[in-house]
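Single-structure report; data block below.
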Amino acid sequence: KKTGKPVCVIDLDTIMPGIVLSDFGDMVRTFTNSTLEDEVNLSNVVMRMPIYQAMHEGFLSACGKVLTSLEMENLSIAGPWITLMQAMRFLTDYLRGDVYYKIKYPEHNLVRTRNQLTLFKSMLSQL
């Protein structure tokens, strides 16, 4: 109050009400990718199905009783949905001049976009 300077940064993603499909989907996007999200060689990008299956089983065993029937029915599309959304976020940031995500080189967000689109396709083909 005295200085008018910020004390901390608040990440609104971490304080908003969660949507189980969003949370599970982002976990799937993050943990099942066979490589880093900025991998240039797209032949290395694939969803690792055994990891997905273990995550799905573990998630349902811990949370299955609190999920609605609609959430249970749509759990398998959560990963592809969030992955495609993340691809569009990377592409949007690239087109806007890389103002949101930190980049290491000029095409970094474009590489991330291609990576996530490849992961999305891998998810669709396996799920």
Side-chain angles (χ1 to χ4, degrees):
K1 285 184 173 181
K2 292 178 184 178
T3 66
K5 293 183 179 180
V7 176
C8 68
V9 175
I10 298 173
D11 180 356
L12 297 178
D13 284 346
T14 61
I15 63 169
M16 68 181 180
I19 298 171
V20 73
L21 296 180
S22 175
D23 294 339
F24 181 74
D26 201 34
M27 184 172 64
V28 169
R29 180 189 77 82
T30 303
F31 296 146
T32 67
N33 195 345
S34 59
T35 188
L36 300 174
E37 73 182 11
D38 53 4
E39 170 65 53
V40 177
N41 184 347
L42 298 179
S43 65
N44 293 334
V45 179
V46 65
M47 183 186 82
R48 297 176 291 176
M49 189 55 134
I51 292 176
Y52 173 82
Q53 290 169 329
M55 287 174 43
H56 188 265
E57 182 181 314
F59 188 80
L60 286 178
S61 71
C63 300
K65 292 178 182 168
V66 299
L67 298 177
T68 67
S69 60
L70 192 57
E71 289 169 334
M72 297 269 292
E73 184 180 318
N74 289 293
L75 202 58
S76 66
I77 65 167
W81 166 54
I82 291 296
T83 303
L84 183 60
M85 183 178 75
Q86 188 61 46
M88 295 304 99
R89 290 179 75 187
F90 285 139
L91 180 59
T92 300
D93 196 40
Y94 172 76
L95 294 172
R96 293 185 70 214
D98 303 307
V99 295
Y100 187 77
Y101 296 106
K102 290 185 179 185
I103 59 169
K104 295 179 182 173
Y105 51 92
E107 305 284 312
H108 197 181
N109 276 325
L110 190 56
V111 166
R112 289 169 170 159
T113 299
R114 290 177 178 139
N115 179 296
Q116 294 298 282
L117 288 173
T118 302
L119 181 61
F120 170 75
K121 290 175 188 174
S122 177
M123 288 175 173
L124 289 182
S125 71
Q126 293 185 67
L127 294 171

Checklist entry - How long is the span from the CZ atom in Arg112 to the CD1 atom in Ile103, to the nearest 0.5 Å? => result 8.0 Å
Checklist entry - What is the distance from atom CG of Leu60 to atom CZ of Phe24, rounded to the nearest 0.5 Å? => result 7.0 Å
Checklist entry - Does Leu91 share a hydrophobic cluster with Leu36, counting links as ILVMFWY side-chain heavy atoms below 4.5 Å and allowing steps through other members? => result no
Checklist entry - Would Val66 and Glu71 count as a side chain to side chain contact (heavy atoms under 4.5 Å, CB included) if you check the C-alpha gap in whole Å, the side-chain angles of each, and the deciding distance to 0.1 Å? => result CA-CA 10 Å; Val66 299; Glu71 289 169 334; over 6 Å; no
Item to check | Verify same cluster id: Met72, Val20 (apolar side-chain graph, 4.5 Å) | outcome: yes
Next on the checklist: Donor-acceptor check, side chain of Arg89 to backbone of Leu84, threshold 3.5 angstrom: yes or no?
Outcome noted: no
Checklist entry - Within a radius of less than 6.0 Å around CD1 of Ile19, do more than 12 heavy atoms belonging to other residues, nucleotides or ligands occur? => result no
Next on the checklist: What's the separation between atom CZ in Arg96 and atom CG in Asn109, rounded to the nearest 0.5 Å?
Outcome noted: 12.0 Å
Item to check | Worked verdict on Tyr52 versus Met123 for side chain to side chain contact (heavy atoms under 4.5 Å, CB included) | outcome: CA-CA 10 Å; Tyr52 173 82; Met123 288 175 173; over 6 Å; no
Item to check | Interatomic spacing from OG in Ser43 to CD in Glu39 - rounded to 0.5 Å | outcome: 7.5 Å
Next on the checklist: Does anything in residues 53-62 form a side chain to side chain donor-acceptor pair (under 3.5 Å)? List the pairs, not counting sequence neighbours.
Outcome noted: none
Checklist entry - Could you state the interatomic distance from CE (Met85) to OG (Ser22), rounded to the nearest 0.5 Å? => result 5.5 Å
Next on the checklist: I'd like to know if the side chain of Asp38 pairs up with that of His108 as donor and acceptor (distance under 3.5 Å, no hydrogens or angles considered).
Outcome noted: yes
Next on the checklist: In this structure, would Val45 and Met55 fall into the same cluster of hydrophobic residues linked by side-chain contacts under 4.5 Å?
Outcome noted: yes
Item to check | Within residues 115-127 or reaching into it, pairs that qualify as side chain to side chain donor-acceptor pair (under 3.5 Å) - sequence neighbours excluded | outcome: Arg29-Gln116, Asn33-Asn115, Ser122-Gln126
Item to check | From Phe120 atom CZ to Ile82 atom CD1, the distance as rounded to the nearest 0.5 Å | outcome: 12.0 Å
Next on the checklist: Among residues at least two apart in sequence or on other chains, which ones pass ring pair (Phe, Tyr, Trp, His ring centres under 6.0 Å) with Tyr101?
Outcome noted: Phe90
Next on the checklist: Run the side chain to side chain contact (heavy atoms under 4.5 Å, CB included) test on Thr32 and Met49 for me, step by step, so that the C-alpha distance in whole Å, both residues' side-chain angles and the decisive distance to 0.1 Å come before the verdict.
Outcome noted: CA-CA 7 Å; Thr32 67; Met49 189 55 134; over 6 Å; no
Next on the checklist: What verdict does the side chain to side chain contact (heavy atoms under 4.5 Å, CB included) test give for Met47 and Leu124, after you've listed the backbone C-alpha separation in whole Å, the side-chain angles of each residue and the deciding distance to 0.1 Å?
Outcome noted: CA-CA 9 Å; Met47 183 186 82; Leu124 289 182; over 6 Å; no
Checklist entry - If two hydrophobic side chains count as joined below 4.5 Å and joins carry through other members, does Trp81 share a cluster with Leu75? => result yes
Checklist entry - Which atoms form the tightest heavy-atom contact between Asp93 and Tyr100, and what is the distance? => result OD1-N, 2.7 Å
Next on the checklist: According to a hydrophobic-cluster definition based on side-chain heavy atoms being under 4.5 Å apart (Ile, Leu, Val, Met, Phe, Trp, Tyr only), do Ile51 and Leu127 belong together?
Outcome noted: yes
